[in-house]
Amino acid sequence: MTSNAEAAEIFLSIADLLDLLGEKFKPEAYRRAARSIESLTEDLGAVAARGELRTIPGVGEAIAEKIEEYLKTGTIPYYERLKHEVPPGLVELMRLPGIGPKTARRFWVELGVEGPGELRDAIAKGRLNGLKGFGEKKIEQIRSALGDPAAAPKGGRRPIEEVYPIARGLVAGLRKGADVEQVEVAGSFRRCRETVGDLDILVTSKDPARVFDVFTGLPLVAEVKMRGGTKETVLLQDGLQVDLRVVKPEEFGSALVYFTGSKDHNIRLRSLAQDQGLKVNEYGVFRGDVRVAGATEKDVYASLGLAWIPPELREDRGEIDRAAQGKLPVLVAPTDLRGDLHVHLPPDARAELVDRLVADARARHLEYLGVVVAGPAPDGTTWTLSKDTRERLGTPGRSSLRLFRVLEVGFGEIPPALASVEHDYRILRPTLAAPGPSAGTKATGPSLLIAHVGSSVVSDGRALAPWLEVARTLGTALEVGPGAERLDSSAARQALESQRRLHLPTGVGGPTDDPTGAIALGFAHRAAATAHEVVNARPAGELSIGAAGPPRPPEGRSHGRRKARPGTTRAA
DNA sequence: GCCGTTTTCGGCCCGACTGTTTTCAGTCG
């Protein structure tokens, strides 16, 4: 069994091992290839079958060859060889905070230390004393990293929906307590990646010291790891690391670009700048010593001849070329959403709850709601909305809000208990088993279907394919957003590539701090979805879920495909 | 190892911070 994720893992491991062997540029080359492979929307095998491995950014002759080996045999001889050269414990050492490849390598070469246990011994025996570059503090730092496994997680990403309320809380705390002008959470959080490793918060303020004081005093903050003049790093109580940076107003835009990333996007921006005789860093865009942009992101991109690029697209997947050509897609905006076809109410919903839902929908200028009137309860039984609730929903007063009745069912026959429930639309909630050949064929009838497919099913590109086929046959849209039952952004991109429309949940009627709607929109942006490709961006009278127009090509490098050099088959 | 529409060789992002340093190396993001 091979997979993109596993291949990416292997290349990351190769990079670590090369680091430990003291290689200079190869590790970064392997990491870049790993990042590209990981963000691929297509199975590596399929790319290889077309002979297009080398169109993947960062994949050249040598790595393409290794991918072929991996696909054929499930392993890479070069990797196996490296593993024999480097003791496995060294990789563990390198993952400890404060120890990088150079330091781990020195322990290995100079002290014969091959892992955490041996390093602990070496420290206890005083073998680090007198070693050049190792003073008391450094040794103590390493000792505590070795003794404290909780200090180890350099990695450990968590789902964005989990981090969302934390980020909001921190921003609110800063706004309330300190004299801050602009505040923005950057990093992969801003790009709305499915998982977030840490938070990067940028602020402008006339009083940085006060900002740090306020921040340190926030209840969520457990420990200050580092504090300088412009930057503070803290650990929250749950272990999440947060970097706070105070920047000057004239630098805010360039800092935001820089810290929003992605890394590959930034690298490409800089090389584009170099071509134009410009230099980009977090302080601005410079021609010589003259700042030509920096205060806003728009200025920064404009100074490079680019349209502003939405954060969710900044992954070096051709967005920079598109921005240069003025061909960026117009992404679906919150104001494009005209309804929400997937709203749940408990069967015994109190009147206030129903009224609040309707009021919230109006406040958001939604034109219609699809309320689930019947469906499966968590205990496996079925439930239907109470008569009271239905009547209350059915009398939206003078508002023009239109209501649809939605039935939520699995694939196949409608259960007898629900057969008599009147409905306008259906939501299909597939079981986690792969759909069979005849799955869903009975689910015809009312015009509009939304599949509620688990991303646990679809996280692997190949597992999604049969679902997309079913969705195509039935003409359903697919719901995108956070949580195990919706498509993540990569699955959403594939759905769009197979001409499916998306449904975006809005969180209407839910708690005000519910991030579902914002994250769903972010995922849709990562998939480069336009309003035309979102079913609930259509007016109530024109709801149709069929194909979203002409097929879109898979994303990739847009700047021409490089031809493989003939006759230069050099090994790594 | 990758990359390039001025390059097939010679670059490879770059700055803050820390600790150990009389000028810098390593880590981190």
Side-chain angles (χ1 to χ4, degrees), chain A residues 11 14-15 18-19 22-36 53-67 78 93-107 128 130-142 145 154-155 186-188 197-200 202 224-233 241-247 251 254-255 257-277 279-284 286 316 321 557 559-568 570-572:
Chain A
F11 287 125
I14 290 178
L18 290 171
D19 253 338
E23 286 282 355
K24 200 86 180 79
F25 295 104
K26 287 186 192 182
E28 211 30 57
Y30 277 99
R31 290 200 178 94
R32 174 157 160 67
R35 285 195 299 271
S36 288
L53 282 177
R54 295 189 57 182
T55 64
I56 300 169
V59 174
E61 191 176 310
I63 292 183
E65 229 170 78
K66 291 180 179 66
I67 294 174
Y78 178 63
L93 280 186
M94 199 178 79
R95 297 203 189 290
L96 293 173
I99 300 183
K102 300 261 174 52
T103 308
R105 182 172 165 76
R106 281 193 63 195
F107 290 150
L128 266 65
L131 205 61
K132 200 170 172 231
F134 288 87
E136 219 174 283
K137 275 185 158 178
K138 187 86 198 164
I139 292 175
E140 185 45 45
Q141 190 192 350
I142 292 170
K154 285 180 187 173
S188 54
D198 61 6
L199 287 175
D200 290 291
L202 287 183
V224 177
K225 272 182 80 178
M226 191 270 289
R227 179 163 168 178
T230 62
K231 176 186 171 184
E232 180 174 64
T233 299
Q241 179 170 312
V242 184
D243 294 336
L244 176 67
R245 290 180 169 82
V246 180
V247 303
E251 299 168 349
S254 44
V257 170
Y258 184 85
F259 290 109
T260 297
S262 65
K263 186 174 178 170
D264 291 329
H265 177 88
N266 286 352
I267 288 172
R268 194 168 285 273
L269 271 189
R270 286 196 209 96
S271 88
L272 182 72
Q274 273 178 359
D275 293 346
Q276 303 176 21
K279 191 178 111 173
V280 184
N281 56 29
E282 61 258 58
Y283 303 106
F286 299 89
D316 188 26
D321 289 342
R557 288 200 292 201
H559 45 90
R561 287 192 168 142
R562 212 155 42 91
K563 287 191 283 289
R565 247 181 299 165
T568 50
R570 199 181 45 222

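We name chains A, B, ... by the order of the sequence lines, and we start the count at 1 in each one. What you see is a predicted model, and the numbers here were worked out from it, not measured in a lab.
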Give A:E232 one of three labels, base, sugar-phosphate or nothing, depending on what nucleic acid heavy atoms sit under 4.0 Å from its own.
-> nothing
Considering all heavy atoms, the nearest A:E282-A:S254 contact | O-OG, 3.1 Å
A:R54 CZ to B:dC3 P, straight-line distance once rounded to whole Å = 8 Å
Say you pick atom C1' in B:dT5 and the same atom in B:dG1; how far apart are they, in whole Å?
-> 22 Å
Counterpart base for B:dT8, defined by Watson-Crick or G-U wobble contacts under 3.5 Å | none
With rounding to whole Å, what would you report as the distance between B:dT23 and B:dC28 at their P atoms?
-> 25 Å
What nucleotide among B:dC17, B:dG1, B:dC13 has an atom nearest to a side-chain atom of A:T230?
-> B:dC17
Starting from P on B:dT20, measure out to CZ on A:R106 and report it in whole angstrom.
-> 12 Å
With heavy atoms under 4.0 Å as the rule, sort A:K132 into base, sugar-phosphate or nothing.
-> nothing
Is it true that A:E140 and A:K137 make a salt bridge, defined as a side-chain N closer than 4.0 Å to a carboxylate O?
-> no
Which part of the nucleic acid, if any, lies within reach of A:E140 when heavy atoms closer than 4.0 Å are counted: base, sugar-phosphate only, or nothing?
-> nothing
Ring of A:F25 versus six-membered ring of B:dC2: centres under 5.5 Å and planes under 30°?
-> no
Base of B:dG29 paired with side chain of A:Y258 (donor-acceptor, under 3.5 Å) = yes
With DNA chain B as reference, determine whether A:R245 or A:K138 sits nearer its 5' end, using the nearest nucleotide of each.
-> A:K138
With heavy atoms under 4.0 Å as the rule, sort A:K225 into base, sugar-phosphate or nothing.
-> nothing
Taking every non-hydrogen atom, the tightest pair across A:A33 and A:V59 | CB-CG2, 4.2 Å
Look at the side-chain N and O atoms of A:N281 and state whether any lies under 4.0 Å from the OP1 or OP2 oxygen of B:dG15.
-> yes
Has A:Q241 got a side-chain N or O lying under 4.0 Å from the OP1 or OP2 atom of B:dG29?
-> yes
Rounded to the nearest Å, what distance is computed from the CE atom of residue A:M226 to the C1' atom of nucleotide B:dG15?
-> 12 Å
If you look at every strand shown and take non-hydrogen atoms under 4.0 Å, does A:P101 touch a base, only sugar-phosphate, or nothing?
-> sugar-phosphate
Can you tell me how far C1' in B:dT7 sits from the matching atom in B:dG11, rounded to whole Å?
-> 10 Å
A:I267 CD1 to B:dC13 P, straight-line distance once rounded to whole Å | 6 Å
Comparing A:G133 with A:I63, nearest DNA chain B nucleotide closer to 5' gives the residue A:I63
Any side-chain N or O of A:S36 less than 4.0 Å from the OP1 or OP2 oxygen of B:dC2?
-> no
Its glycosidic angle compared against 90° from 0, B:dT7 adopts the form syn
Looking at A:R54 and A:A64, what are the two nearest heavy atoms and their distance?
-> CG-CB, 3.8 Å
Looking across every strand, which nucleic acid part, if any, lies under 4.0 Å from A:G229 by heavy atom: base, sugar-phosphate, or nothing?
-> sugar-phosphate
Distance, rounded to the nearest Å, where A:D264 contributes CG and B:dC13 contributes C1' | 12 Å
Check the distance between B:dG4's P and A:L272's CG and give it to me in whole angstrom.
-> 13 Å
In whole Å, what separates the C1' atom of B:dT8 from that of B:dC13?
-> 24 Å
Between B:dT21 (C1') and A:L131 (CG): distance, integer Å | 15 Å
Under 4.0 Å between a side-chain N/O of A:K137 and OP1 or OP2 of B:dC17, yes or no?
-> no
Please measure how far the P atom in B:dT6 lies from the corresponding atom in B:dC2, and state the result in whole Å.
-> 23 Å
For B:dC28, does either OP1 or OP2 sit under 4.0 Å from a side-chain N or O belonging to A:T233?
-> no
Using the P atom on both, measure B:dT20 against B:dT27 and round to a whole Å.
-> 14 Å
Proximal nucleotide (of B:dG1, B:dG15, B:dG26) relative to the A:T103 side chain = B:dG26
What are the two closest non-hydrogen atoms of A:D19 and A:P27, and how far apart are they?
-> OD1-CG, 3.5 Å
Pick the P atom in B:dC12 and in B:dG19, then give their distance to the nearest Å.
-> 30 Å
In whole angstroms, how far is the C1' atom of B:dT27 from the NZ atom of A:K231?
-> 10 Å
Can any side-chain N or O of A:N281 pair as donor or acceptor with the backbone N or O of A:G284 at less than 3.5 Å?
-> yes
Examine distances only and state if a side-chain atom of A:T233 and a backbone atom of A:K225 form a donor-acceptor pair shorter than 3.5 Å.
-> no
OP1, OP2 of B:dA16 versus side-chain N and O of A:Y283: anything below 4.0 Å?
-> yes
Sugar-phosphate, base or nothing in reach of A:R105, heavy atoms under 4.0 Å | nothing
Work out which heavy atom in A:G187 is nearest to a heavy atom in A:D200; give both atom names and the distance.
-> CA-OD2, 4.0 Å
